[in-house]
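Before any comments, here is the structure.
In the text below, chain A, chain B and the rest are named by the order of the sequence lines, each starting its count at 1. We use all heavy atoms of the structure for the numbers below, so side chains are in, but hydrogens, waters and symmetry mates are not.
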2 protein chains.
Amino acid sequence: MAQKDTVTAILNAAEELFSERGFAETSLRNITTRAGVNLAAVNYHFGSKKALIQAVFARFLTPFSEQLASELRGYRAQLQDEVPELNSLLMLLPATALRTDKGNPRRLGIFMRLLGLAYTQGQGHLRKYLQTEYSAVFRDFMQLVSAATPNLSNEDRFWRIHFMLGATVFTLSGVDSLTAMAEHDLGKSADITSVVSQLTPFLAAGLNAPP
Amino acid sequence: MAQKDTVTAILNAAEELFSERGFAETSLRNITTRAGVNLAAVNYHFGSKKALIQAVFARFLTPFSEQLASELRGYRAQLQDEVPELNSLLMLLPATALRTDKGNPRRLGIFMRLLGLAYTQGQGHLRKYLQTEYSAVFRDFMQLVSAATPNLSNEDRFWRIHFMLGATVFTLSGVDSLTAMAEHDLGKSADITSVVSQLTPFLAAGLNAPP
DNA sequence: AGATGTTTCAAACATACGTTTAAAACACAA
DNA sequence: TTGTGTTTTAAACGTATGTTTGAAACATCT
């Protein structure tokens, strides 16, 4: 097995298991067993469990943030001096996320669950890593959101952005169990793209609500 | 030290530590050290770590759900046959939560963080416990929400309720770091009650958004 | 083919965990 | 005070974890 195979097998297994059980609840033995590699492979290829956790995030986040940065440049160029339209701006995020690994929308749910864990679970090293690594693109995006909502005070916008973030992360991270519930309660099935298309008008309405 | 003192000392320490680090990341030795009691006290008084986790939730949730059930009875009685008004209905939740342990709004943040953990972190036993124990009151509340939003389809309402839940849990569970960010970015301080008063119009607008 | 650097492997290491135990300390009624 | 049931204590138990090790297997190049 070539080196790359082992590394990606570990990353795949870790990604799934972390999202299912959390970081502390997933042992290296769980990961290496599912990946079909030797236990020592993690420490050999990544150095430590912490480094593996960061690598799992980097594998998704680096292509995503690069893609988003380029999309933002295009959006800004097409915009000229007009005020950006909120709905299309918000749609940019799930659109690039789904485009980042096309053909596998399930992965977005997995990654959202990981993102939720990164916030709720301790893992101080992870928050620090994410902040230093990916905050530039996020700031760019926020600047456009500010331009799209000139009627909001900075304070209102600040809070509502985080309300939106919460609704998104929470819903998409639990999208599997939620769609199961929806199917049981309503008899209607749904996938992550349909949930996103329900989510965006909700978010836009909340963000534009009268104070 | 009387029995009750040891038990509540453990519950207090566990509540804080769980909310700070998560369940798996908090050891019984952490808890008993902070509580100033012997390590074996947890297994003596609660039986196991799992049972302690459930007890932490029960201490908050049992008074809360009883209070809420009574508030819902009052709300329904005052309503007669009118259609319930959405904003006042939504306000009922934070109002009773803040009333449950009055004088300590910080505790609501702690508990929201725990609730978020219960969802995101594995802890299957916890989800099962919460469901069997407190689902009745929740169903009552949901019925009123349905009456307050007759224009929504069951499917739209289902998803938007969960969007609201996500925004609430996520924001209130991170209320400490968020208020710190708000103070740093905007120079304005905020407490949990002011966040809640910002949150409810956001939620109501999202729930009533055109489909 | 032989030498060299890389990757895998089974085994062991040290440490931390949840839990159990048996004795000591305590509370309190007879 | 003695006796009884409860609570606390220090120590140990068994298990699981992340990490390290040194030899074996492998790949790559001259």
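Applying the 4.0 Å criterion to OP1 and OP2 of D:dT6, one finds that B:His45 has every side-chain N and O outside that range. OP1 and OP2 of D:dT7 both lie 4.0 Å or more from every side-chain N or O belonging to B:Thr6.
Electrostatic pairing of B:Asp140 and B:Arg76 counts as a salt bridge here, judged by a charged N lying under 4.0 Å from a carboxylate O. Between B:Glu20 and B:Arg113 no salt bridge is recorded (no basic side-chain N to carboxylate O distance below 4.0 Å).
Rounded to an integer number of Å, the gap from B:Ile10 CD1 to D:dT8 P is 8 Å. Rounded to whole angstrom, the span from the OH atom of A:Tyr44 across to the P atom of C:dC9 amounts to 13 Å. At whole-Å resolution of the value, CZ in A:Phe46 and P in D:dT20 are 16 Å apart.
Screening residues 31-44 of chain A for side chain to side chain donor-acceptor pair (under 3.5 Å), with sequence neighbours left out, gives A:Glu16-A:Arg34.
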Step-by-step ring-ring contact (aromatic ring centres under 6.0 Å, His included) determination, B:Tyr129 to B:His125
CA-CA 6 Å; B:Tyr129 171 78; B:His125 70 99; 8.3 Å; no

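Closest approach of B:Val175 and B:Gly109 over heavy atoms only: CG1-CA, 4.4 Å. Smallest separation of non-hydrogen atoms from A:Gly116 and A:Val169: CA-CG1, 3.7 Å.
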Protein heavy-atom contacts under 4.0 Å, written 5' to 3' over nucleotides 11-18 of chain D as B (base), S (sugar-phosphate only) or - (none), form the string -B----BB

